[in-house]
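Values below: every heavy atom of this structure, side chains too, minus hydrogens, waters and symmetry copies. Below, read A as the first sequence line, B as the second, and so on, with proteins coming before strands; counting in each chain starts at 1.
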Amino acid sequence: MARHLITSAIPYINGIKHLGNLVGSQLPADLFARYQRGRGHEVLFLCATDEHGTPAELAAAKAGKPVAEYCEEMHDVQAKIADGFNLSFDHFGRSSSAQNHKLTQHFAGRLADQGLIREVTETQMYSHEDGRFLPDRYIEGTCPNCGFEEARGDQCDNCGKLLDPTDLIDPYSTVSGSKDLEERETKHLYLRQSEMRGKLADWIDSKKDWPILTTSIAQKWLNDGDGLQDRGITRDLDWGIAVKKGENDWPGMEGKVFYVWFDAPIEYIACSQEWVDAGKGTDWERWWRTDKGADDVTYTQFMGKDNVPFHTLSFPATIFGADEDWKLVDYIKSFNYLNYDGGQFSTSRGRGVFMDQALEILPADYWRWWLLANAPESSDSEFTWEQFQSIVNKDLADVLGNFVSRVTKFCRSKFGEAVPEGGDYGPAELALTDDIAARVKAYEKHMDAMEVRKSAAELRAIWTAGNEYLQTVAPWSTFKEDPDTAAIQIRLALNLIRLYAVLSKPFIPDASAQMLAAMHTDDDSWPDDVSAALHMFQSGHEFTVPDITFRKITDAERDEWQEKFAGKRT
RNA sequence: GGCGCGGUAGCUCAGCUGGUUAGAGCGCUCGACUCAUAAUCGAGAGGUCGGGAGUUCAAGUCUCCCCCACGCCA
């Protein structure tokens with residue numbers, strides 16, 4: 001039995017994520033976790049909310065709540081939605097947890113001990129009214145280059161010129177609108193990533209089997225311009241993890257917190273401590289410490305392409321730099337973006353479908369299937385309602401759902417609601433068994449390689465094989481002259497329903513559960529031996545004709561939803 | 001402007017280290033079947049692989065140039 005540690009990039013706390021975010025990390029990670037569990041392997045699947053940083057503070061202020069309270073509420077909202085999508089996290093943690101505070105401070109201390117932290121004094125804009133330093137993009141003013149009055153502190157959106165906040169004429173805070181700004185010197189810690197460039201480059205170079213998307217992004221950051229740059233790991237904020245050197249104070253860094261990108265990935269580890277502290281597990285170190293049993297763990301991370309630099313370089317720099325026995329990632333599966341109907345999903349414009357809205361109009365399985373079967377693996381991909389409707393109706397309702405329906409209803413009408421007796425499998429049944437066995441092997445190969453779209457295609461082909469078989473042997477015909485032969489055929493078909501439920505569980509867990517329930521079984525063991533699996537139900541085994549497994553999406557619904565989620569275009 | 005990823009049948013996409021008539025699903029046409037959610041199964045018609053040049057016995061698949069879309073960065 002292998003051991004798989006699986007993490008999904010942790011979603012930011014300020015709001016509900018859209019389907020593009022879902023398919024980029026949490027959903028494929030869940031697919032892989034469910035598959036590995038299905039194969040009988042030991043899995044620890046972790047995710048969390050990413051709660052620190054200025055956007056969280058501003059979102060809380062907008063909601064009129066203390067930031068801690070806001071984060072707690074939003075964490076619960078996101079947890080419920082994740083649950084609604086059947087994301088099977090062993091624990092859904094929080095980067096603001098006590099465990100992460102302590103661990104982040106520990107890493108910072110280790111890095112300092114190794115000489116990998118340097119202090120930098122820089123000038124930033126301080127807003128008296130807001131009582132805080134403002135990130136560049138939260139300062140606006142008149143562009144000195146083109147006169148545009150709403151140029152941001154980092155760049156003018158009108159002429160494109162790159163700016164420093166201090167360049168702006170009449171700068172003001174976009175948080176409060178205040179013009180009472182002042183340049184102040186402030187000291188920050190930088191992680192000396194440049195020191196580790198060689199080590200990181202060697203490590204990335206050794207990962208020949210990683211997706212091109214993953215390695216090409218890493219290479220770019222390693223080699224672009226002057227190469228990998230040192231990065232600030234602290235901010236002048238109230239909300240976050242206090243800057244400490246392990247358990248000790250950090251002279252000169254009082255009142256500062258770690259920058260969100262530094263503490264967020266450490267939450268992957270802290271999350272496993274939360275998992276233990278929540279009573280769900282007993283030993284987190286055997287997943288994370290190679291000196292304490294984690295050397296046989298396979299660690300896989302899932303993320304959208306925007307997160308690749310942090311996972312290929314920054315977080316590994318932290319791990320390498322700490323020079324302790326931490327488990328390093330073995331495989332990084334990254335995804336491109338999902339576009340929405342000819343453009344991008346847009347949170348600010350309300351364009352596209354968000355996770356809560358998706359669940360309001362259709363059950364999770366419908367979304368899971370479409371999203372995974374069309375996952376943006378090799379390039380950005382496109383969501384259109386027409387495509388969604390046709391895929392869902394064809395694959396789920398017609399090919400799989402109708403198979404369950406035709407088999408159970410035929411049996412009920414001719415033999416009753418129990419597996420019929422008589423005869424034994426003949427050549428046609430053996431041929432189907434061989435065909436499916438080969439396809440299951442192909443399915444496993446694709447799933448092992450995290451080839452999401454190919455896995456979906458193979459699974460669909462397995463469903464289709466059942467319909468092909470029925471069409472060929474035609475039990476409705478054989479029943480007329482030779483009921484025993486029809487009994488053999490329908491017995492095999494009933495066994496196929498259970499087999500399909502097991503194989504499909506990673507993609508469509510609810511439908512899988514419904515199928516197993518209809519077949520009056522909870523045996524979802526993986527069909528390592530397809531022939532044996534297709535002999536499981538013997539004559540007399542009772543079942544119940546289930547309700548429709550998947551309904552169809554009507555043209556009217558499709559048009560209505562297309563209109564509803566179009567958002568405001570500008 | 002630089003970099004990255006793409007540009008393959010009407011649509012969404014596969015095509016690894018170059019090698020027989022370029023593939024899948026959907027859609028479309030025709031046929032079969034009637035157990036089933038007007039479902040299923042089969043057959044067929046549709047691409048010369050963004051454009052151009054080159055390397056090679058052989059290129060969608062390697063090289064160079066150009067065009068287009070998207071993304072990132074400065």
Side-chain angles (χ1 to χ4, degrees), chain A residues 20 154-156 160-164 208-209 211-226 229 304-309 334-345 369-371 373-415 442 446 449 451-461 463-480 486 489-490 493-494 497 545-554:
Chain A
D154 51 350
Q155 181 174 24
C156 173
K161 185 172 176 60
L162 291 172
L163 303 169
D164 266 332
K208 303 295 185 198
D209 61 331
I212 294 171
L213 182 65
T214 303
T215 50
S216 67
I217 291 173
Q219 292 293 354
K220 175 187 180 282
W221 283 67
L222 282 167
N223 301 318
D224 223 33
D226 298 329
Q229 301 297 301
K305 59 183 171 186
D306 51 329
N307 263 316
V308 170
S334 55
F335 289 84
N336 282 287
Y337 292 143
L338 179 67
N339 288 319
Y340 180 80
D341 212 6
Q344 293 182 320
F345 276 86
W369 177 254
W370 188 88
L371 289 167
N374 296 279
E377 287 180 293
S378 59
S379 65
D380 290 355
S381 70
E382 183 89 4
F383 175 93
T384 65
W385 286 101
E386 289 81 2
Q387 198 78 12
F388 177 65
Q389 178 195 27
S390 84
I391 297 274
V392 164
N393 288 356
K394 192 70 186 174
D395 295 355
L396 297 182
D398 295 347
V399 176
L400 177 62
N402 181 56
F403 178 81
V404 174
S405 182
R406 69 193 295 203
V407 170
T408 53
K409 286 180 180 169
F410 178 80
C411 187
R412 179 174 63 183
S413 97
K414 306 300 182 193
F415 301 102
H446 289 137
E451 299 252 34
V452 179
R453 298 174 83 126
K454 287 178 182 174
S455 299
E458 195 59 52
L459 179 59
R460 186 189 187 282
W463 297 339
T464 299
N467 282 315
E468 284 172 20
Y469 168 76
L470 283 185
Q471 207 63 33
T472 305
V473 300
W476 49 89
S477 293
T478 55
F479 182 77
K480 291 169 188 163
Q489 293 162 345
I490 216 66
L494 288 166
I497 292 176
V545 173
D547 291 335
I548 294 290
T549 309
F550 291 102
R551 72 174 185 85
K552 294 201 187 198
I553 297 169
T554 66

Chemist: Roughly how far, to the nearest 0.5 Å, is the CG atom of A:Asn336 from the CD atom of A:Glu377?
Modeler: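 It comes to 9.5 Å.
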Chemist: Looking at the side chain of A:Lys394, which of B:C13, B:U40, B:U34 is the nearest nucleotide?
Modeler: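 Among the listed nucleotides, the one closest to the side chain of A:Lys394 is B:U40.
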Chemist: When you compare B:C3 with B:U20, how far apart are their C1' atoms, in angstrom units rounded to a whole number?
Modeler: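 Here B:C3 and B:U20 have their C1' atoms 40 Å from each other.
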Chemist: Starting from the C-alpha separation in whole Å, work towards a yes-or-no answer on ring pair (Phe, Tyr, Trp, His ring centres under 6.0 Å) for A:Phe479 and A:Trp476.
Modeler: CA-CA 5 Å; A:Phe479 182 77; A:Trp476 49 89; over 10 Å; no
Chemist: Output every pair passing salt bridge (Lys or Arg N to Asp or Glu O under 4.0 Å) with a member in residues 384-399 of chain A, not counting sequence neighbours, ordered by first then second residue.
Modeler: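 For residues 384-399 of chain A, and leaving out neighbouring residues, the salt bridge (Lys or Arg N to Asp or Glu O under 4.0 Å) pairs sorted by first residue read A:Asp395-A:Arg460, A:Asp398-A:Lys552.
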Chemist: Going by purine N1 to pyrimidine N3 plus the second Watson-Crick contact, or the G-U wobble pair, all under 3.5 Å, which nucleotide sits opposite B:G31?
Modeler: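 Checking every strand shown, B:G31 finds its partner in B:C41, with both distances under 3.5 Å.
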Chemist: A:Ser381 or A:Lys305: which one's nearest nucleotide on RNA chain B is closer to the 5' end?
Modeler: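 The 5'-side residue here is A:Ser381.
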Chemist: Nearest to the side chain of A:Val399, heavy atoms from C-beta on, is which of B:U37, B:U40, B:C13?
Modeler: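 The listed nucleotide nearest to A:Val399's side chain is B:U40.
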Chemist: Return the nucleotide paired to B:G18: Watson-Crick means purine N1 to pyrimidine N3 with N6-O4 or O6-N4, wobble means G-U with N1-O2 and O6-N3, both under 3.5 Å.
Modeler: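 Paired with B:G18, as far as the under-3.5 Å criterion goes, is no nucleotide at all.
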Chemist: Checking A:Phe345 now: which residues fulfil ring pair (Phe, Tyr, Trp, His ring centres under 6.0 Å) with it, not counting sequence neighbours?
Modeler: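 Only A:His18, A:Tyr340 meet the ring pair (Phe, Tyr, Trp, His ring centres under 6.0 Å) criterion with A:Phe345.
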Chemist: Evaluate whether the aromatic ring of A:Trp476 and the six-membered ring of the B:C35 base sit under 5.5 Å apart, centre to centre, with an inclination under 30°.
Modeler: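 One would call A:Trp476 stacked on the B:C35 base.
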Chemist: Does A:Lys552 place a side-chain N or O at less than 4.0 Å from the phosphate oxygens OP1/OP2 of B:A38?
Modeler: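 False: A:Lys552 side-chain N/O out of range (4.0 Å or more) of B:A38 OP1/OP2.
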Chemist: Considering only the P atoms, how many Å lie between B:U61 and B:G19, rounded to the nearest integer?
Modeler: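 My reading of the P atoms in B:U61 and B:G19 gives 11 Å.
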Chemist: Tell which nucleotide pairs with B:C70, taking only Watson-Crick or G-U wobble pairs whose two distances are both under 3.5 angstrom.
Modeler: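 Checking every strand shown, B:C70 finds its partner in B:G4, with both distances under 3.5 Å.
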Chemist: Does a side-chain N or O of A:Arg453 approach OP1 or OP2 of B:U12 to a distance below 4.0 Å, or not?
Modeler: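 Answer is no, no contact under 4.0 Å.
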Chemist: Provide the Watson-Crick or G-U wobble partner of B:G10, both distances under 3.5 Å; none if there is no partner.
Modeler: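 Partner of B:G10: B:C26.
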Chemist: I'd like the P distance from B:A74 over to B:G47, given in whole Å.
Modeler: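 Per the computed distance, 46 Å lies between those P atoms.
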Chemist: So A:Thr464, base contact, sugar-phosphate only, or nothing? Heavy-atom distance under 4.0 Å.
Modeler: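 Sugar-phosphate, backbone atoms only, no base.
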Chemist: So for A:Asn402 and B:A36, does any side-chain atom that can act as donor or acceptor lie under 3.5 Å from a complementary atom in the base?
Modeler: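 Between B:A36 and A:Asn402, which were checked side chain against base, a qualifying N/O pair under 3.5 Å is present.
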Chemist: Measure from CZ on A:Arg460 to C1' on B:C41 and round the result to the nearest Å.
Modeler: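 It works out to 13 Å between those atoms.
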Chemist: Roughly how far apart, to the nearest Å, are B:C35 and B:C16 at atom P?
Modeler: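 Taking atom P in both B:C35 and B:C16, they lie 46 Å apart.
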Chemist: With nearest nucleotide decided by heavy atoms, which residue, A:Lys409 or A:Glu468, maps closer to the 5′ end of RNA chain B?
Modeler: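 Taking each residue's closest nucleotide, the earlier one in sequence belongs to A:Lys409.
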Chemist: What distance, rounded to whole Å, do you find between the two C1' atoms, one in B:G25 and one in B:G15?
Modeler: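 15 Å, rounded to whole Å.
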Chemist: Is A:Lys454 touching bases, backbone alone, or none of the nucleic acid, heavy atoms closer than 4.0 Å?
Modeler: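 Sugar-phosphate, backbone atoms only, no base.
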Chemist: From C-beta outward on A:Phe410, which listed nucleotide comes closest to its side chain: B:C26, B:C35, B:A39?
Modeler: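 In terms of side-chain proximity for A:Phe410, the closest of B:C26, B:C35, B:A39 is B:C35.
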Chemist: Under 4.0 Å, counting only non-hydrogen atoms across every strand here, what does A:Ala457 touch: a base, just sugar-phosphate, or nothing?
Modeler: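 Counting heavy atoms under 4.0 Å across all strands, no contact is made by A:Ala457.
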Chemist: Any heavy-atom pair between the side chains of A:Leu396 and A:Trp463 that's under 4.5 Å?
Modeler: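 They are in side-chain contact.
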Chemist: B:G60: syn or anti, with syn meaning chi within 90° of zero?
Modeler: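 You should classify B:G60 as anti.
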